[in-house]
Structure formats: C-alpha cells, structure tokens
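Notes for the one structure printed next.
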Amino acid sequence: MKDGVDEVLELVMLAGEILLKNGAETYRVEDTVERIGLAAGMRQVEAFATPTGIVVTLEHPLGFARTKVRRIRERGISLNKVAAVNEVSRQMVNGKLSAAQAAFELSKIQQNSNAYPPWVHLVAAGIGSGCFAYLFGSNLKEFFLAVVAGLVIHWFRLKAAGWGFNRLFGSFLGGLIAAATGVLGQLSLLEVTADKVIIGAIMTLVPGLAITHAVRDVIYEDLLSGVSRGVEAVLVSVAVAAGVSLVLGLWLGVG
Amino acid sequence: MTVAAAFLASILFGVIFDVPRKALAAAGVAGTVAWVGADVLQRLGMNALGAVFLATLVSSCYGEMMARFTRNPASIFVVPAIVPLVPGAGAYFTMFHFVKGEFTLGLAKGMETLFMAGAIAAGVALVSLIFRFIKGRSK
C-alpha cells in the first residue's frame, strides 16, 4: 500500500476515460475501474459510467474517501485501445503490474494505440463500401464508384471531427455524399444504377457499435447507458437517412 | 467469390472499428459466417427475418467464444459480425419509396427493415444473456 489515493484515482480515471472514449460497454468501464482500484489497495471502489461521463469514488483503507467526475466529450471507436486497457487491467489484477507501471502503460495506450494508421482506415472504408456494393449485386463500375464514395465519406468524417463538427452532422454528410455519388454516377454516362453504390456506401455509416452496445448495456442492466446508446443508434440512422433522402428528393423531384 | 467478398468486407469493417491486428482474422470470420449464413438460409427458403436472427445467433456465439478463448472483450468480434447483417438495402429502399411518394411501399419496407434490426438486437441480446449467465456461474 504505497500508492496514495490521489494517484490511484488518477489511474482508474485514465483507464475509464480511455475505455469510454473508444467505445467500450458501460459494464466493462465500471468493472475495469473497480478491479484496478481494488488491485491498487483500495478498500472499496464505486464507479458509475455513462457514455458521456464517469464518476468514481475510492475508499482508502484508513477510512477517508475521494470522488472524481470526468466528463467525456469526444468519442471515437478504437476497439484496439479497449482491448489494450483490458489487458493492462488483467495484468494488474494478477499482480504482474504495479500501479505506477499500469499508469505508464495506460498513458502509452492513450497516446498511440490505434491498430492501423488513418490512411489504412480510409482505404478500408473505401474498399469495404465496394465489397458491400458487390455483395448487393453490383457490377465492376458500381464497385469502383462505391469505393470512391466510401473514401470521400470517411475523409470528410475524419476532417469534420477535426473541425469540431457534431458527429451526427458527419453522418448526415456521409449519407449526402453516398447518395450524391450514386445519383451523379447514374446521371453521367457511366451507365450505372445508383442503388447499389448508395447501399454499399451507407453500410460503412451504420451505427453497428451503438446497436450492439445498447443491447449489451441493457442486458447488464445499465439502463441509462443502454437507452442513450439506443437513441444514439436511431439518431445516427436518421441523420444518414436524411442525407440520402435529401439527394434522392432533389433527383426524383427534378428528374 | 461471394464468400471472399464477405470476408474482405468484414475484415475491412474490423479495420474501421480498429480491431486489434491479432483478432482481425477471427473478426472477419465472424462477419463472413453471419453474411453467408443469412444468405444460404434465405436461399433454402427461410424468411429473411428468421435467417438474420439465426445468423446473428451463430456469429455472435462464435464471437463470444473467441472472446473467452483469446481473453479479449467480446465486442471486438461481435461488432464486425453483425455489421454485414444490418439491413442497409432495406433502409435505402424505404427512403427511396417515401421520397417518391409511394407511402404504402415505403411503410412495408420500413417495417421489414425495423423488424430486421429488431431480430439482430434480439440475437445479440440472447447470446450475451446466455454468456453472462455462464460467466456468472463459473465465478
């Protein structure tokens, strides 16, 4: 019991923050915080996490307690970071890492632990869109058009996040670009149909993580998180749909 | 060729979600099982809802098992597994019909899409429920 309560609190908060920012389920966040806190010698650890913030109270063996709140404002998805924090927490519980070592590992994870550089994400989104277009029965031209749409969409989303735009707006833009690419393709002399291009491109905008975690949160009775993630999934879908519908409306209205 | 495309698409989706490199192949398999499974079941004459539900069950079961096996969080495998099943085409045609003013067609397509999403959610829920129960027992 060499570690002071403030250091431990900082450590568990860092773990919780990384997990929440990169798309971990709520129970995993709370569970990890509690495990790390107990492993660092606290008598009791109480954590309450939602997708947008976390509260932790640590009770020191000498009787006093400390509480901290951390608001989570930016959220992205990096399952690699979630897995890495999970690994640190397990090693600490097994006594293979001290609190200080764990803090060092966590700060390393926070800084640079995406499994792939941004351009790989971009290329993956492009070719992924193409593959889905193909799975829905596209020809080669539509495949390539979907690749282009996927690339542009994710480049914009990357940029929009940097410019500080609302993430829902990013989804709306994504839908807009997907539909615009498809429609322009059909209007041009490329002889493609818009459907498959658009479907392939919007598959990359689907809120898969929000859907999965909404369900899992509810199963773990983290009702607040579950409901808010469910609403998030609906809102993202509506934003994409709004973007697509706007372009389709213009197209069908004019044409 | 379809299987290859489904596998490639699932792997690429894994990359988008930043799945750890070591787990990428397994995540790709999960997505492929889901997509090909749903496809085959529908060709065998099962309705789309049932096929998607079963495919979700099987692929997320596989995902949860891989998670236990490799000591990783389950979402690493389950999220890429369900993304290919999400009814993107249904959602698109719902919008298409509505924008064209074909409300009856749009509603029908919309309900179908919604039920598909519900089937996926129910599948994920059932599997995580079972695995949580097993985990609770083995402690």
Side-chain angles (χ1 to χ4, degrees), chain A residues 22-25 28 76-84 86-87 90 114-116 120-121 123-132 134-136 154 179 195-196 198-200 202-204 206-209 211-216 218-220 230 233 237 240-241 244-245 248-249 251-253, chain B residues 1-2 4-24 27 35 39 60 70-96 98-101 117 120-129 132:
Chain A
N22 293 294
E25 312 98 297
R28 181 175 307 285
I77 297 174
S78 167
L79 295 178
N80 191 45
K81 288 190 186 179
V82 174
N86 189 50
E87 182 63 32
R90 203 176 45 245
N114 273 7
Y116 319 92
V120 175
H121 280 251
V123 171
I127 302 178
S129 303
C131 284
F132 270 107
Y134 175 79
L135 287 174
F136 286 108
H154 283 265
D195 307 356
K196 280 136 198 160
I198 300 178
I199 294 169
I202 59 176
M203 286 304 276
T204 60
V206 159
L209 190 104
I211 297 173
T212 320
H213 285 185
V215 173
R216 291 173 67 89
V218 171
I219 294 296
Y220 281 85
S237 314
V240 175
V244 174
S245 301
L248 283 184
W251 175 42
L252 296 171
Chain B
M1 192 63 190
T2 311
F7 184 64
L8 188 58
S10 309
I11 282 205
L12 294 171
F13 267 79
V15 173
I16 296 176
F17 290 115
D18 209 47
V19 167
R21 284 168 194 233
K22 277 186 222 156
L24 200 55
W35 208 91
D39 199 40
S60 57
T70 61
R71 295 173 169 276
N72 267 315
S75 20
I76 288 178
F77 306 104
V78 177
V79 175
I82 67 140
V83 167
L85 294 173
V86 172
Y92 169 75
F93 285 113
T94 305
M95 291 179 253
F96 187 77
F98 273 125
V99 171
K100 270 181 103 173
I120 297 172
V124 174
L126 193 60
V127 172
S128 37
L129 200 69
R132 195 192 166 191

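FYI, side chains are in, hydrogens and waters are out, and symmetry mates aren't considered; it's all heavy atoms of this structure. Computed from a predicted model, the values in this text were never measured in an experiment. All chains are named by letter (A, B, ...) in the order of the sequence lines, taking the proteins before the strands, and each is independently numbered beginning at 1.
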Under 4.5 Å from any heavy atom of chain A - which part of B:Phe96
both
For A:Asn114, which atoms come within 4.5 Å of any heavy atom of chain B: side chain, backbone, both, or neither?
both
So how far is it from A:Asn86 CG to B:Ile76 CD1, rounded to the nearest 0.5 Å?
7.5 Å
Taking all non-hydrogen atoms of both residues, which atom of A:His213 and which atom of B:Val79 are closest, and how far apart?
NE2-CG2, 4.4 Å
Using non-hydrogen atoms and a 4.5 Å limit, figure out which bit of A:Leu79 sits close to chain B: side chain, backbone, both or neither.
both
Using the side-chain contact (heavy atoms from CB on, under 4.5 Å) rule, take B:Phe17 and A:Val82 through it: C-alpha gap first, then chi angles, then the decisive distance, then the call.
CA-CA 11 Å; B:Phe17 290 115; A:Val82 174; over 6 Å; no
Okay, B:Phe13 and chain A: the region with an atom under 4.5 Å from a heavy atom over there is side chain
With chain A as the partner, which of B:Ala5, B:Ala9, B:Ser128, B:Pro20 has the greatest number of non-hydrogen pairs under 4.5 Å?
B:Pro20
dist B:Ile82:CD1 -> A:Ile211:CD1 (nearest 0.5 Å) comes out at 5.5 Å
Closest approach of A:Leu252 to B:Lys100 (non-hydrogen atoms, all atoms of both residues):
CD1-CG, 3.3 Å
Which heavy atom in A:Val244 sits nearest to a heavy atom in B:Met95, and how many Å separate them?
CB-SD, 3.6 Å
Interface moiety of B:Ala91 toward chain A, non-hydrogen atoms closer than 4.5 Å:
neither
Interface moiety of A:Ser237 toward chain B, non-hydrogen atoms closer than 4.5 Å:
neither
In terms of heavy-atom proximity below 4.5 Å to chain A, should B:Leu24 be classed as side chain, backbone, both, or neither?
side chain
Is the backbone N or O of B:Ala74 less than 3.5 Å from a side-chain atom of A:Arg216, with the two atoms forming a donor-acceptor pair by type?
no
Between B:Tyr92 and A:Leu248, is there a side-chain heavy-atom distance shorter than 4.5 Å?
yes
Check for a donor-acceptor pair, side chain of A:Arg28 on one end and backbone N or O of B:Pro73 on the other, with a separation under 3.5 Å.
no
Please flag which part of A:Asp195 lies under 4.5 Å from any non-hydrogen atom of chain B: side chain, backbone, both or neither.
both
Of the backbone (N, CA, C, O) and the side chain (C-beta and beyond), which part of A:Ile198 lies under 4.5 Å from a heavy atom of chain B, both, or neither?
side chain
Is chain B contacted by the side chain of A:Leu209, its backbone, both, or neither, given a heavy-atom distance below 4.5 Å?
both
Strictly distance-based, threshold 3.5 Å: is any side-chain N or O of B:Asp18 a donor or acceptor partner for the main-chain N or O of A:Ala115?
yes
Under 3.5 Å, side chain of A:Tyr116 to main-chain N/O of B:Ile16, donor-acceptor pair present?
no
